Amino acid sequence: FEISGIVGKAVIEKLLRSCNVRKIFVLLRPKKNFTIAQRLDTIKKEKIFRRLMSEKPNEFHDKVVPIPGDVELPLLGIKPEHAQLMANVSIVIHSAATVRFDESLRDAIRLNVGGTLENLKFSETLKNLEVFMHVSTFFSNPYLEYVEAKVYESAMDWRFCLDLCRREDITDDMIDVLTRKLIVGFPNTYCFTKNLAESMVNYYGQKLPVAIFRPSIVVQAVEEPEPGFPPSLTGAMAVFVAASVGIMKAIPMPRDQFLDLSPQDITVKTLLYYIMKTGMEHATNESADVPVFNLSVYGHSPINFPEYIEMADEFWNSIPVEKGFLAPGVTVTENIFRYMFLVIFKQILPAFFLDLLLKIIGQKPVMMKIQRKIFNALKIMRPFVANNYRSSGVSYAKDMIKELNGTDFNVDVFVIMKSTYAHIGYTRDMICKCREILLKEDPSTIPRSRLIVKGKILLYRAFQLFVAYKIYCRWIYPMTKEWHLDLDWNINNNTTRNESFFVN
């Protein structure tokens, strides 16, 4: 039983390609003008499944079963006849959530907390359930500097918060006021509600074989399904793409900032390993506590985020985007004045003039809207790029490397990623795939794109020379001219004094 999403799709792809599963039931919310079958067909055509379709073309059609439902409805809104189909389900992976950092508290609790509750309630009806895996986040306890693989006491009671947001006598304005009071210590409603959901799952540990999986920021795949395959145009991937197309030129961040990034395929492999481990522990009653698994590359990777940016900068000009705005590249600085200067002169002003040109030719202006989104997104992400979260690393990393060695689930990358050279290769693969998959640009256009970028750089250098020339003519030259006049007057005056001295 599986919930669709970024992690969900990657898990489905890996299970179908590397395992002999009987059925995978996917909960899909009905959408207007689209049937559930049509939605599933659209998902099947996504590029993350193209390797699967190449190697096992019938696997998706034969084994993936769509189930109409909604995480906000009681028991997920699953009809009895569909529930009967899932009577033999043994594993539930709950990864459905709103990942918007600026989501309203009411909606975030309904989806991230209420949705988890309905999943747990439905799982109680599954007689053959062996594992309920709740996909949380490494940042569910953001007030901690060091995150351990355990459930921390929640700041609020999940029942109280859920009841609060379900009450109709409390207006959205009142909820907004309460939000600022309730989420003290949490940078956004996403982290807060994930924290509440973990507390709920821990409570259900008395009734169900539950476990909690905490991945950090999911980024491109290292090897599977394709080297460099990007999960989506969000989070850290959005930063790389925005810099590659020249619409983001500065990031406010310390030079030593470590941003915990988990490759997509490693996220999937570790998740499936932890499911196996959880099933074995519950079968033998080895652990009385709810198992918690952290996927944090802290201690496994020596590269910080500014160094990733520098690596990417080496490839943005050699593997450029054809339809970019300005020349690629971004400056990382922790000086807020320098950051604002770069944003104004390298982002906002060029965007303003392009929008003005678009208006003149009768087109809809879009660049200033994009700039506002970038500025707000970086502001929301500020708590994550201003704190260095530490951990003990990947849970059971040594056991995993040993047990999975030589299988389709090997995680040797934990050893390889300690090398800086390996990250250079990962970065190049990521830029190539972001260009192809997220920006939909054919690799054959790279030579033409290089010429375009060279032209942009030449124009930018010419503009810099023009501005420098104007500054020199307007301010510097008049000042130096006055200095020359003052110097000539002083020389003549000193000569007269010297002549008078000799005459005397």
Side-chain angles (χ1 to χ4, degrees), residues 1-3 7-8 11 27 71 74-76 78 86 88-97 108-144 147-163 186 190-216 267 270-296 391-392 394-396 399-400:
F1 180 81
E2 178 58 58
I3 304 296
V7 174
V11 170
L27 185 71
V71 293
L75 294 177
L76 306 177
I78 296 175
M86 295 184 285
N88 294 322
V89 164
S90 57
I91 297 172
V92 173
I93 305 174
H94 172 50
S95 62
I109 287 181
R110 282 177 174 172
L111 288 166
N112 295 351
V113 183
T116 303
L117 178 61
E118 296 308 326
N119 266 278
L120 288 163
K121 286 182 176 179
F122 179 80
S123 297
E124 286 185 291
T125 68
L126 300 173
K127 304 302 181 182
N128 298 308
L129 184 68
E130 296 180 13
V131 178
F132 178 98
M133 181 61 76
H134 172 66
V135 180
S136 184
T137 173
F138 179 69
F139 306 101
S140 58
N141 300 279
Y143 47 83
L144 299 173
V147 182
E148 297 182 65
K150 67 178 185 180
V151 178
Y152 292 91
E153 185 177 352
S154 184
M156 296 288 294
D157 183 76
W158 60 268
R159 301 173 192 81
F160 168 77
C161 292
L162 197 55
D163 179 65
F186 293 86
Y190 172 72
C191 294
F192 177 67
T193 52
K194 280 295 189 179
N195 179 275
L196 292 177
E198 284 191 8
S199 177
M200 177 195 297
V201 173
N202 186 53
Y203 169 77
Y204 268 82
Q206 306 168 25
K207 308 176 183 180
L208 295 171
V210 300
I212 297 171
F213 176 54
R214 291 182 185 147
S216 56
T267 301
T270 53
L271 170 60
L272 296 176
Y273 175 81
Y274 295 144
I275 289 173
M276 178 190 72
K277 189 171 184 64
T278 301
M280 293 172 63
E281 287 185 1
H282 280 292
T284 57
N285 295 315
E286 289 183 7
S287 176
D289 298 326
V290 170
V292 178
F293 306 101
N294 286 344
L295 176 56
S296 163
S391 73
S392 56
V394 178
S395 300
Y396 300 100
D399 293 345
M400 209 183 313

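Not measured: the values here are computed from a predicted model.
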Ignoring hydrogens, what is the shortest heavy-atom contact between [X] and [Y]? Give both atom names and the distance.
| X | Y | answer |
| --- | --- | --- |
| Met133 | Leu271 | CG-CD1, 3.5 Å |
| Ala149 | Val292 | CB-O, 3.4 Å |
| Ser296 | Ser391 | OG-OG, 2.7 Å |
| Val201 | Ala211 | CG1-O, 4.4 Å |

Between [Y] and [X], is there a side-chain heavy-atom distance shorter than 4.5 Å?
| X | Y | result |
| --- | --- | --- |
| Leu117 | Lys121 | yes |
| Thr267 | Phe213 | yes |
| Cys191 | Thr137 | no |
| Val210 | Leu120 | yes |
| Leu129 | Pro209 | yes |
| Asp399 | Tyr273 | yes |
| Ser395 | Asn294 | yes |
| Asn119 | Phe132 | yes |

Roughly how far, to the nearest 0.5 Å, is [atom2] of [Y] from [atom1] of [X]?
| X | Y | atom1 | atom2 | result |
| --- | --- | --- | --- | --- |
| Arg110 | Thr193 | CZ | OG1 | 13.5 Å |
| Leu126 | Glu124 | CG | CD | 10.0 Å |
| Leu27 | Ile78 | CG | CD1 | 5.5 Å |

Item to check | By side-chain contact (heavy atoms from CB on, under 4.5 Å) - contacts of Asp163 (at least two apart) | outcome: Arg167

Next on the checklist: Suppose we screen for side-chain contact (heavy atoms from CB on, under 4.5 Å). Which residues come up paired with Leu111, at least two apart in sequence or across chains?
Outcome noted: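 Expected list: Val71, Glu72, Thr98.
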
Tell me every residue that passes side-chain hydrogen bond (donor to acceptor under 3.5 Å, both in side chains) with [X], counting only those two or more places apart in sequence or in another chain.
| X | answer |
| --- | --- |
| Thr270 | none |
| Ser136 | Glu198 |
| Thr116 | His94 |
| Tyr152 | none |

ring-ring contact (aromatic ring centres under 6.0 Å, His included) partners for [X], two or more places apart:
| X | value |
| --- | --- |
| Phe186 | Tyr143, Phe192 |
| Tyr190 | Phe101 |
| Phe139 | Phe384, Tyr389 |

Next on the checklist: Is the positively charged end of Lys207 above the ring of Tyr204, judged by distance under 6.0 angstrom from the centroid and angle within 45° of the axis?
Outcome noted: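 Yes.
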
Item to check | Face-on cation placement of Lys277 at Phe293 ring, 6.0 Å and 45° thresholds | outcome: no

Checklist entry - Can you name the residues that form a salt bridge (Lys or Arg N to Asp or Glu O under 4.0 Å) with Glu118, not counting sequence neighbours? => result Arg166

Checklist entry - Checking Lys194 side chain against Asn141 main chain: does a donor-acceptor pair fall under 3.5 Å? => result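 Flag not set: sc Lys194 to bb Asn141 has no pair under 3.5 Å.
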
Can you list, pair by pair, the side-chain donor-acceptor contacts under 3.5 Å of residues 154-162, counting residues two or more places apart and other chains?
| from | atom 1 | to | atom 2 | distance (Å) |
| --- | --- | --- | --- | --- |
| Ser154 | OG | Met156 | O | 3.0 |
| Ser154 | OG | Asn195 | OD1 | 2.8 |
| Asp157 | OD1 | Arg159 | NH1 | 3.0 |
| Asp157 | OD2 | Arg159 | N | 3.0 |
| Asp157 | OD2 | Phe160 | N | 3.1 |

Item to check | Name of the residue among His282, Met280, Glu281 meeting side-chain contact (heavy atoms from CB on, under 4.5 Å) with Thr278 | outcome: His282

